[in-house]
Amino acid sequence: MLTRREALLGSVLAAAAVATVGSIPAMAGAKEVAGLPREKVTLVAPPFVHAHDQVAKSGPKVVEFTMTIEEKPMVIDADGTQLNAMTYNGSIPGPLMVVHEGDYVELTLINPDTNTLAHNIDFHAATGGLGGGALTLVNPGEQTTLRFKATRSGTFVYHCAPGGPMIPWHVVSGMNGAIMILPRDGLKDDKGKPVRYDHIYYIGESDFYIPCDEQGKFKKYDSAGDNYDDTVKVMRGLIPTHVVFNGKAGSLTGENAMKAKVGETVLIVHSQANRDTRPHLIGGHGDHVWEQGKFANPPARDLETWFIRGGSAGAALYTFLQPGVYAYVNHNLIEAVELGATAHFTVDGSWDDDLMMQVEAPRAIAS
Amino acid sequence: MPFNPILAFGGLACALFTLGAAGAVGWAPLPDQELLARSELVTLAPGSFAHPLPGEFLRRNHPISAPVVRAMVAAPIEIMKYQVSASDYRRCVMAGACKPADGNGSGNVPVTGVSHIDAEAYAGWLSAETGSAWRLPTDVEWAYAAGERFRGDIEGGEADPDNPAQRWLVQYRTEAALGRQPDPQPRIRGGFGPNSKGVADIAGNVWEWTSTCYVHVTEAAAGAGIASSIDNCGVHVVEGFHRTYMSNFIRDGKSGGCAVGTPPDNLGFRLVRDRLNLVQAAIRWLRLS
């Protein structure tokens with residue numbers, strides 16, 4: 001059995017080996033980049049997304065982001081079950097980053113010395129160097145800056161990938177998020193007609209694997225490293241104990257329900273860094289859905305449920321036509337109701353009798 | 001060998017546990033009087049009070065707020081001061097009359113993880129053991145005992161005939177605004193304190209089964225009485241911090257609730273004792289019933 005120390009050390013060594021072999025010169029095009037305008041973006045915690053232009057107002061630029069890694073215990077359900085979370089910027093998922101195709105993403109990744117583990121970041125949107133993982137491994141007390149060119153438009157997952165068995169463990173401990181690379185001229189429907197959104201919400205779905213004690217109660221651990229052996233055993237069963245949106249069962253319900261009005265168009269970005277899922281809006285639809293998340297492909301029309309492959313992010317555009325309380329779920333309903341993958345929208349506005357009406361309320365069956 | 005406190009205390013705990021287990025094996029059933037004494041009762045004097053009825057109410061095809069009626073309690077009610085404890089419930093399990101509860105509490109905490117069916121089984125067993133008539137309270141009795149801690153349904157108000165969603169949104173937001181955080185761990189009985197009537201732990205973190213069935217009521221035109229009332233006794237009224245409705249077999253309120261709304265932290269119960277007349281008492285005493 002791997003001790004905690006061996007496990008942690010092993011990962012650092014494995015990742016270091018990868019870094020040595022995989023190191024590539026990152027200087028190509030540096031001259032051109034130096035002349036580009038720069039923009040500094042402050043990230044916000046999901047489901048919200050930092051302010052951004054849907055259509056680029058100028059040419060390519062360098063967009064600067066900073067993310068601080070936080071290892072900390074987080075409560076993931078109503079019973080107070082605790083995850084020894086590893087996070088980008090303190091949230092599960094990490095924040096959604098938004099740029100335009102042709103922009104350069106420049107991320108400064110900080111691993112404060114209050115953390116205990118080495119981390120990095122692998123952008124599915126980036127080309128080469130293990131998505132940036134090979135160039136970003138930071139020990140506690142270190143920081144690094146990575147720049148990559150956003151060459152393909154779409155929604156893409158990013159996640160921690162510090163080598164070997166550390167990879168899945170870090171990802172299911174919370175270290176994942178998404179970046180959205182918009183076409184410079186904005187989103188278009190299946191006919192090539194421009195479409196816009198009034199609100200954007202980012203939902204990151206997580207599968208958690210919390211070990212249980214002999215009585216079947218979820219165990220608590222002092223630190224991330226202490227749970228490693230037990231957690232990997234649960235992970236290898238491939239049956240999550242929790243499937244939740246934004247880090248916690250109920251994180252997007254009640255006071256935190258997402259909001260919209262009748263007639264407003266919402267873009268829902270949904271990522272799952274590890275496991276397949278199938279979002280569904282109860283009582284609504286996906287008007288235009290980029291299931292694979294890549295905007296160069298025309299969106300599918302009028303979907304009831306869409307499929308997000310594990311390790312990808314998709315986007316669904318919907319204009320609300322009816323007021324009410326909508327549940328947005330993973331339509332494996334066991335995962336939605338029993339394991340936690342349910343969010344809510346509250347939508348204000350006028351009811352449309354033409355779309356639906358109760359012709360007769362429940363009453364005794366006519367004899 | 002140096003003294004190892006962990007080992008020493010571990011051994012001690014083990015020994016105690018063994019003793020406890022051995023004790024349990026030879027445990028003779030308590031005499032009826034003793035069990036009776038353990039169920040501390042509060043007697044509520046007769047009276048009347050304003051009570052929002054449980055169920056769904058329709059007027060002219062649209063949902064309305066539950067009518068508030070003047071509920072009458074004609075005779076004194078004897079109700080358990082505390083919810084039935086895990087240890088009392090365990091006695092019923094040991095006797096083979098109750099199914100083990102799903103809740104993991106033991107000793108002097110309310111039994112949790114019990115369905116309506118379990119609560120009825122316990123009432124039946126306790127009645128047989130004690131010769132008294134124990135049953136779940138009705139919704140009215142529970143509300144009367146709850147006094148100032150009674151909340152009832154989280155209301156959406158009267159539906160806007162032009163916009164049914166309005167009521168759903170009001171209900172959702174009212175509930176969200178209560179800001180109640182999940183509180184899953186049952187506390188030692190009495191932990192939520194008594195209300196003004198001396199009944200303990202009302203509206204704490206254990207919701208309680210009642211004997212009242214879920215019902216759909218259609219009001220006659222202009223509120224003149226009831227046009228139809230269809231009840232569904234596969235679902236019973238559950239009371240606590242707020243009122244809700246659960247299928248009889250549900251033991252965990254979290255999975256028994258609707259798609260939206262705060263679910264009960266736990267499901268438990270307390271019982272009322274009916275006063276028997278002389279003949280009933282005699283029959284019970286002779287174990288003929």
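Below, chain A is the first sequence line, B the second, and so on; all start at residue 1.
- Among A:M357, A:R363, A:K217, the residue making the largest number of heavy-atom pairs under 4.5 Å with chain B is A:K217.
- Within residues 238-250 of chain A, no residue approaches chain B closer than 4.5 Å by heavy atoms.
- For the set B:S228, B:G179, B:P184, B:A227, the count of heavy-atom pairs under 4.5 angstrom toward chain A peaks at B:P184.
- Between B:Y172 and A:H344 there is a side-chain heavy-atom pair separated by less than 4.5 Å.
- Only the backbone of B:D162 comes within less than 4.5 Å of a heavy atom in chain A; its side chain stays farther off.
- Residue A:E255 touches chain B through both its backbone and its side chain, counting heavy-atom pairs closer than 4.5 Å.
- Contacts between A:V359 and chain B at a heavy-atom distance below 4.5 Å involve the backbone alone (N, CA, C, O).
- Residues of residues 72-81 of chain A lying under 4.5 angstrom from chain B, judged on non-hydrogen atoms, are A:A78, A:D79 in numerical order.
- Residue contact with chain A, scored on non-hydrogen atoms closer than 4.5 Å, involves the side chain of B:Q185 exclusively.
- When the candidates A:G216, A:S350, A:A361 are compared by the number of heavy-atom contacts under 4.5 Å with chain B, A:A361 comes out ahead.
- Residue contact with chain A, scored on non-hydrogen atoms closer than 4.5 Å, involves the backbone and the side chain of B:L169 alike.
- Interface remark: A:D348 contributes backbone and side-chain atoms alike to the contact with chain B (heavy atom separation under 4.5 Å).
- Interface residue B:R173: only side-chain heavy atoms are found under 4.5 Å from chain A.
- Summarising the local packing, CG of A:D213 is surrounded by more than 12 heavy atoms from other residues, nucleotides or ligands at distances under 6.0 Å.
- Considering every non-hydrogen atom in both B:N163 and A:P323, the closest pair reads OD1-CG, 3.5 Å.
- Atom-to-atom distance recorded for B:L58:CG and A:E360:CD is 10.5 Å, nearest 0.5 angstrom.
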